[in-house]
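Single-structure report; data block below.
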Amino acid sequence: DGGITQSPKYLFRKEGQNVTLSCEQNLNHDAMYWYRQDPGQGLRLIYYSQIVNDFQKGDIAEGYSVSREKKESFPLTVTSAQKNPTAFYLCASSGTGGAGPRENEQFFGPGTRLTVL
Amino acid sequence: QKEVEQNSGPLSVPEGAIASLNCTYSDRGSQSFFWYRQYSGKSPELIMSIYSNGDKEDGRFTAQLNKASQYVSLLIRDSQPSDSATYLCAVKISGGYNKLIFGAGTRLAVHP
């Protein structure tokens with residue numbers, strides 16, 4: 001089955017600790033994204049990557065870091081510099097729009113719920 | 001600041017009725033529009049995409065787009081309790097990469 005997996009499902013972080021959220025896709029998509037969702041709010045873009053070994057900051061990148069060493073994988077690290085990290089983190093992937101508008105469709109993984117203790 | 005606006009709801013409809021969800025956007029150059037359904041505690045699921053003015057139907061769902069008015073809507077016919085969820089409108093901004101701006105969502109409650 002093609003899809004996007006995220007792990008862990010739940011994550012607890014202590015103050016001052018860095019944690020890494022995993023995202024893997026087998027849809028052969030070039031582009032991958034990380035979003036954050038807070039209660040009652042829309043999704044906000046943290047980082048995105050259109051191709052291996054390249055990524056760009058989104059709207060709320062401060063306190064986060066990413067890497068894109070493989071097409072299938074786009075891990076997100078929440079650093080101690082992120083002062084309010086408690087949120088629902090969503091990874092998505094898509095094509096890159098070159099083959100038509102449907103390539104813009106983004107599909108989401110099941111999410112990781114991060115809580116700061 | 002490019003924005004997507006939705007009424008937060010809740011929108012309450014009886015089972016079997018038509019639910020109408022609305023969304024307005026500020027980027028006049030946007031060409032791609034999406035509706036996602038999100039059940040409580042779950043991730044968003046893409047249910048409709050629309051790229052041209054007019055209506056697009058898929059089963060009980062109809063998406064409507066009016067670029068001149070910068071307005072996109074989702075109609076759900078024969079609403080079922082299982083349709084109770086938050087519906088997110090997303091708009092691809094013009095230019096650059098595949099960036100979507102999401103509305104905060106409309107919560108739909110279908111009661112028996």
Side-chain angles (χ1 to χ4, degrees), chain A residues 3-7 9-10 21 23 25 27 29-51 54-61 87-113 115, chain B residues 1-10 21 23-27 29-53 56 58 63 65 67 72 85-107:
Chain A
I4 304 173
T5 58
Q6 291 185 243
S7 63
K9 186 174 181 179
Y10 299 97
L21 284 59
C23 177
Q25 55 98 2
L27 299 169
H29 283 162
D30 288 313
M32 297 186 74
Y33 314 81
W34 275 105
Y35 292 91
R36 168 180 173 144
Q37 187 176 36
D38 294 282
Q41 297 190 32
L43 280 64
R44 292 183 291 167
L45 183 65
I46 304 172
Y47 267 98
Y48 68 98
S49 170
Q50 292 185 279
I51 198 168
D54 184 61
F55 50 84
Q56 304 295 330
K57 293 181 179 180
D59 299 320
I60 56 165
F88 190 36
Y89 289 87
L90 291 156
C91 178
S93 70
S94 76
T96 50
R102 294 208 65 181
E103 288 281 289
N104 295 322
E105 293 177 349
Q106 293 186 19
F107 298 92
F108 285 87
T112 292
R113 200 166 296 276
T115 302
Chain B
Q1 182 79 357
K2 296 175 179 177
E3 296 179 339
V4 175
E5 299 286 342
Q6 294 182 257
N7 188 320
S8 62
L21 305 162
C23 173
T24 59
Y25 60 94
S26 63
D27 182 4
S30 294
Q31 299 294 323
S32 302
F33 307 86
F34 308 91
W35 282 100
Y36 288 84
R37 178 177 62 199
Q38 187 174 25
Y39 292 113
S40 181
K42 303 296 185 182
S43 64
E45 173 192 7
L46 180 65
I47 54 172
M48 289 288 285
S49 306
I50 187 165
Y51 308 104
S52 304
N53 276 330
K56 178 183 177 183
D58 183 0
L65 175 61
K67 291 182 183 178
V72 58
T86 297
Y87 290 80
L88 304 174
C89 173
V91 177
K92 178 183 179 298
I93 64 168
S94 55
Y97 67 101
N98 187 23
K99 179 176 181 177
L100 300 185
I101 302 295
F102 284 82
T106 297
R107 189 156 61 90

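Note that this is a predicted model, so its numbers are computed, not measured. Below, read A as the first sequence line, B as the second, and so on, with proteins coming before strands; counting in each chain starts at 1.
Atom CZ of B:Phe102 is separated from atom CG of A:Leu45 by 9.0 Å, given to the nearest 0.5 angstrom.
Listed here is the closest heavy atom pair of A:Phe88 and B:Lys42: CE2-O, 3.5 Å.
Contacts between A:Leu43 and chain B at a heavy-atom distance below 4.5 Å involve backbone atoms as well as side-chain atoms. Looking at A:Arg113, the atoms closer than 4.5 Å to chain B (heavy atoms on both sides) all sit in the side chain, from C-beta outward. In this structure, no portion of A:Gln6 lies under 4.5 Å from any heavy atom of chain B. Neither the backbone nor the side chain of B:Glu45 comes within contact range of chain A, judged by heavy atoms closer than 4.5 Å.
Side-chain atoms of B:Lys99 and A:Tyr48, non-hydrogen and from C-beta on, never get closer than 4.5 Å to each other. Between A:Phe108 and B:Leu46, the closest side-chain pair of non-hydrogen atoms is not below 4.5 Å.
A search for side-chain hydrogen bond (donor to acceptor under 3.5 Å, both in side chains) contacts involving B:Asp58 returns nothing, not counting sequence neighbours. Taking the side-chain contact (heavy atoms from CB on, under 4.5 Å) definition, one finds that A:Ser94 meets it with A:Ala31, A:Tyr33, A:Gln106, B:Asn98, sequence neighbours left out.
Between the side chain of B:Ser43 and the main chain of A:Gly111, no donor-acceptor pair closer than 3.5 Å is present.
Heavy atoms of other residues, nucleotides or ligands lying less than 6.0 angstrom from CG of A:Leu27 number more than 12. In B:Arg37, the CZ atom is crowded: over 12 heavy atoms of neighbouring residues, nucleotides or ligands sit closer than 6.0 Å.
Your options are B:Cys89, B:Pro44, B:Ala90, B:Ser49, and the one with the most heavy-atom pairs under 4.5 Å with chain A is B:Pro44. Contacts with chain A were tallied for B:Ile101, B:Leu100, B:Thr86; B:Leu100 has the most, counting heavy-atom pairs under 4.5 Å.
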